[in-house]
Amino acid sequence: MSEQACDVVVIGAGPAGMRAAVTAANEGLSVTLIDEQTEAGGQIYRAVARVARTRPADLTLLGPEYAAGGDIVLELDAADITVLHGHTVWQISQDGTVWCSDGTKAKSITARFVIMASGAQERPVPVPGWTLPGVMTAGAAQILLKSAAMVPDGPVALYGSGPLLLLVADQLLSAGADIRVVAETTTFKDYLNAAPHLLGALPASKYLKKGIALRRHLKAAGVPIIKAPNGVSIEGTERATGLRIIGKHGQTFEAETILLQQGVVPNTQASWQLRLDHAWHAAQHYWYPTTDRFGATSLANVFIAGDGAGIFGAEAAAAAGALAGLGVAHAAGNISAAARDQKALPFIALHKKAAAIRPLLDHLFPPPAHILVPDDATIICRCEEITAGQVRDAAKLGAPGPNQLKAFLRAGMGPCQGRMCGLSVVEIMARAHGKSPAEIGAYRIRPPLKPLSLAELAAMDDDTPTP
Amino acid sequence: MMHRRNTAGERVTINIDGKNVEAVVGESVAAAVLAAGAGATRTTPVSGAPRAPYCMMGVCFECLMDIDGIPNRQACMVSVTPGMKIKRQAGARTVGGAS
Amino acid sequence: MSARHTEIAIIGGGLQGLSTALHLAQRGRRVLVIEAHHPGRFASGVNAGGVRRLGRDPAEIPLAMAASEMWHSIEDLVDDDCGFRAVGQLKIAEDDDDLRKLEARATMVRDLGYDHEEIIDQKQMRALAPGVHARAVGGLWCAGDGSADPMRTVQAFYRKVQKLGVDFNLGHGVSAIARTGTGWQLSIGDAQITSDIVINCAGAWGNKIAAMIGEEVPLETHALTMMVSERTPHFIDPVCGLASRKLSFKQTPEGTLLIGGAHLGYADRDAGVAEPDPIKMAISAKTVTEVFPHLTNVRIARAWAGLEGMTPDRLPIISPSKVDGSFFHAFGFSAHGFQLSPVVGRIMASLICDGTSNLPLHPFRIERFSDDKN
């Protein structure tokens with residue numbers, strides 16, 4: 001007998017997962033929400049309830065978009081949902097059995113439907129020196145600010161492109177950090193490529209205005225915003241000491257903390273493990289599982305909501321969560337197609353409005369070539385310390401794709417299970433073989449979705465059913 | 001590496017590599033380690049290079065630490081608790097003693 | 001439409017097919033290997049890499065002994081050591097009943113005239129397998145056995161046969177086989193290939209190929225669950241198994257622990273899919289942590305399953321076809337063909353070039369399945 005059975009398991013308590021769980025529960029389905037974190041909110045609304053409770057003044061620093069996440073957490077708290085915090089999902093079977101662990105004991109939950117809302121991760125930014133202590137993602141710095149009110153000591157440099165880069169720079173500046181430089185990879189050509197999408201972005205013009213305001217604020221505070229179209233290298237031996245801009249007039253900026261940002265990409269570990277249909281996003285160079293507007297995937301009992309199905313941002317993710325909740329409610333027979341479609345209307349409109357900015361952002365902030373296909377000496381697999389050059393050599397020696405590379409080099413075989421090198425490996429091998437990423441394919445993802453101790457596995461009850 | 005601009009919330013004492021430090025309830029172990037100025041959280045099993053938290057959201061596995069006697073835990077995914085004992089990891093620290 | 005012609009077509013680019021190609025090419029024959037995916041895509045590339053004589057069915061011992069010699073000089077054969085390490089294989093007796101069982105096995109093997117398997121006492125066993133639980137009393141030990149790196153082995157064989165001039169047709173499987181006046185015509189995608197001789201090395205798909213020429217072979221597809229851990233400090237050299245419980249266990253040179261034990265996962269041969277079963281992963285974890293209690297905090301980084309073609313008697317088919325003398329089979333290795341692969345190629349080359357082999361092949365003839373019915 002299974003430890004638990006329910007109508008729907010929702011994985012991930014970010015905006016999409018919380019809203020999906022609440023919507024499904026409101027339609028009369030029994031819902032279990034599983035989240036790896038100890039508190040609801042995902043990464044975008046990380047710790048929002050605790051911040052509101054213990055240091056409400058920080059809500060001003062982190063902005064109204066962040067504070068708005070508190071409302072969804074309240075909705076979640078009010079709904080009749082079983083929430084399992086601190087639980088890591090390590091396998092999803094095609095029949096809807098979800099295998100998770102609380103860190104001491106593995107268990108399974110059987111569900112008629114699974115809604116995956118595993119969100120996004122920041123695109124890894126392989127530049128020379130990026131494995132040094134002191135280098136982290138811009139999102140990591142923001143998580144420290146949200147969840148622990150922490151600000152980097154000493155000089156800070158930021159590098160990359162995209163909305164999060166400027167937002168984090170500005171938030172850290174307001175929080176008292178010593179920002180020495182923001183180095184952007186965006187080129188004139190990117191502006192030209194993005195221009196045709198400007199008109200379409202107007203419904204989401206508030207994002208544009210915000211971007212302009214951030215830039216103005218940083219400049220007014222004397223933070224240099226410079227161009228780094230050829231990339232950067234990070235100086236230091238035991239830890240980062242500076243950011244060097246590559247190019248004719250390349251300067252080096254002293255920095256103890258270096259924050260990297262090249263956009264975010266869907267977290268596809270679970271969707272690959274389920275062998276769902278995926279497509280390649282040509283402008284942003286990432287994989288996404290293909291879904292319909294309700295999040296239905298190529299498996300009838302599996303839905304995906306939010307950035308895990310393509311990057312559209314937090315507001316769109318919340319709307320997508322509601323749509324997935326409605327989609328599952330219909331698939332479960334709780335509401336008619338007509339009722340689903342009627343209830344979906346406001347969320348479709350919300351999603352459309354929030355997503356309108358994306359084509360512009362996607363073309364304005366593409367990951368640059370030196371990040372997609374780094375120099376030979378740059379490490380791309382952090383776990384096994386494998387360089388881009390080694391991947392090229394293995395391709396020359398006959399490794400046809402990412403899955404053979406594992407056997408050649410152990411790339412993707414370390415604890416991160418390919419999360420950090422997966423996209424780099426696809427790009428490098430595609431170039432090496434003169435093929436498209438879609439032809440090259442992705443790492444096959446196997447259980448456990450995250451490393452799991454023998455003790456946790458061994459503690460699983462014998463009577464858990466074999467699906 | 002990091003400092004707290006606001007220490008509102010309940011304090012706890014944790015131990016990092018034998019040294020007692022204060023942390024705030026709700027913080028992750030990785031955050032507390034960064035605030036303690038500890039620098040690297042581990043060295044790699046391949047070359048012994050120092051590593052520190054990179055993503056803070058459970059993706060990069062750079063913050064693997066020995067927490068309360070259990071090695072290879074993601075410090076960014078574990079919240080501090082009173083009396084928690086945290087150790088930096090050198091290389092492939094997994095098998096506990098019996099070898 | 002003219003068909004491409006080759007002297008010998010080998011169906012299947014796994015290790016048996018590659019080894020057969022290698023030995024035939026060394027003997028000057030013109031060979032084409034037809035592989036539906038890429039070399040070593042299934043069992044050959046993802047098995048546990050056990051180079052084992054220990055515990056072999058008596059019928060397989062002569063082949064395993066010959067293969068063992070070849071493994072010890074594998075570099076001479078394929079210009080690469082294939083990651084082979086002669087660390088020995090050990091079967092652990094967890095109690096006295098186990099030990100008696102192993103002693104009986106050792107006696108049986110000795111009576112057959114072999115001395116590669118020897119009983120060792122508790123102290124010797126514990127020296128070889130430090131950390132094993134205190135109740136274990138001894139073991140059956142085979143020095144000279146060991147393990148190799150399966151994908152590296154596949155690549156080494158693949159490179160070597162390419163160097164020897166073997167042709168490859170990758171990406172499409174054989175969909176039909178027809179007898180022609182002088183040989184065979186194979187349909188591969190839209191193309192046709194004619195060949196004087198055909199060798200079926202199609203592994204888990206071997207019975208599908210055999211059926212194309214009207215030979216029925218009972219073959220089940222199994223997915224065998226394996227797990228590998230994160231890197232851990234080195235603590236053990238030999239490949240370990242248990243006398244009574246399902247476990248195969250080794251530590252790789254990188255420090256990862258490879259844990260198997262023939263636990264079945266989900267197999268879908270037509271889709272080319274094999275998936276581990278989480279329940280079996282838990283059983284494996286329980287067994288490992290009972291045998292090596294100090295490993296409880298080791299983390300599993302990855303589990304997978306390999307597709308294996310299993311015969312009813314768990315012995316391979318190494319045999320000329322019973323319907324036609326120019327068609328041969330080498331498949332159905334039932335999850336223990338890796339060690340045998342160097343010698344299987346040599347045997348197939350002998351069968352084709354000399355019409356005979358100096359190794360006893362009677363137990364592996366294809367007729368045994370129809371014999372049984374009579």
Side-chain angles (χ1 to χ4, degrees), chain A residues 88-95 97-101 103-108 273-275 383-384 394 397-401 403-410 412-418 443-467, chain C residues 37-41 45-46 83 149-155 158-159 162 170-171 225-232 252 254 256-257 259 264-266 268 271 273-290 292-305:
Chain A
T88 302
V89 171
W90 55 271
Q91 151 92 330
I92 305 166
S93 301
Q94 294 207 337
D95 70 351
T97 307
V98 177
W99 309 78
C100 60
S101 174
T104 58
K105 187 177 190 295
K107 65 177 173 184
S108 67
Q273 187 249 302
L274 274 163
R275 301 195 305 277
C383 297
E384 295 289 328
L397 271 175
N403 293 298
Q404 294 71 47
L405 197 67
K406 289 189 259 190
F408 274 76
L409 295 176
R410 283 188 54 79
M413 297 289 274
C416 95
Q417 302 169 308
Y443 281 139
R444 272 192 290 277
I445 304 300
R446 306 292 195 200
L449 288 167
K450 282 212 165 172
L452 184 72
S453 74
L454 288 169
E456 286 169 85
L457 257 178
M460 190 155 76
D461 290 331
D462 287 333
D463 58 356
T464 307
T466 298
Chain C
H37 300 271
H38 56 80
R41 164 66 180 84
V46 302
D149 179 336
M151 199 34 120
R152 184 165 163 188
T153 305
V154 167
Q155 291 301 330
Y158 183 36
R159 272 199 305 274
Q162 284 177 299
L170 303 180
T225 300
M226 308 266 306
M227 306 195 286
V228 65
S229 76
E230 296 176 5
R231 290 173 187 256
T232 69
T252 68
E254 294 81 30
T256 62
L257 305 178
I259 302 163
L264 296 191
Y266 312 108
D268 181 346
V273 167
E275 281 200 342
D277 175 352
I279 297 287
K280 304 291 175 53
M281 290 168 64
I283 293 169
S284 256
K286 223 172 272 187
T287 309
V288 172
T289 51
E290 280 167 17
F292 297 105
H294 65 289
L295 298 178
T296 51
N297 289 325
V298 171
R299 280 168 204 255
I300 295 302
R302 188 175 169 82
W304 71 94

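The sequence lines fix the lettering, A, B, ..., with proteins before strands; numbering per chain opens at 1.
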A:Met460 versus C:Ala282, closest heavy-atom pair with distance | CE-CB, 3.5 Å

Please tell me if the side chains of A:Arg275 and C:Val273 come closer than 4.5 Å, counting only heavy atoms from C-beta onward.
-> yes

Those residues that, when tested against C:Thr256, pass side chain to side chain contact (heavy atoms under 4.5 Å, CB included) (two or more places apart) = A:Arg410, C:Val228, C:Ser229, C:Arg231, C:Thr252

Nearest heavy atoms of C:Thr289 and A:Ala458, plus distance in Å | OG1-CB, 3.9 Å

Name the option with the most non-hydrogen atom pairs under 4.5 Å to chain A; the candidates are C:Ser284, C:Ala301, C:Pro150, C:Gly40.
-> C:Ala301

Under 4.5 Å to a heavy atom of chain A? For C:Val154 that would be neither

What heavy-atom pair brings A:Leu457 and C:Pro278 nearest, and what distance separates the two atoms?
-> CD2-O, 4.4 Å

Check whether any side-chain heavy atom of C:Arg299 sits under 4.5 Å from a side-chain heavy atom of A:Lys450, and report yes or no.
-> no

Bottom line for C:Arg302: the part with an atom under 4.5 Å from chain A's heavy atoms is both

Are the side chains of C:Met281 and A:Pro448 in touch, meaning some heavy atoms are under 4.5 Å apart?
-> yes

Across all chains, not counting sequence neighbours, the ring-ring contact (aromatic ring centres under 6.0 Å, His included) partners of C:Tyr158 are C:Phe168

Contacting region of C:Glu290 [heavy-atom separation from chain A under 4.5 Å] | neither

Nearest heavy atoms of A:Arg446 and C:Ala274, plus distance in Å | NH1-O, 4.1 Å

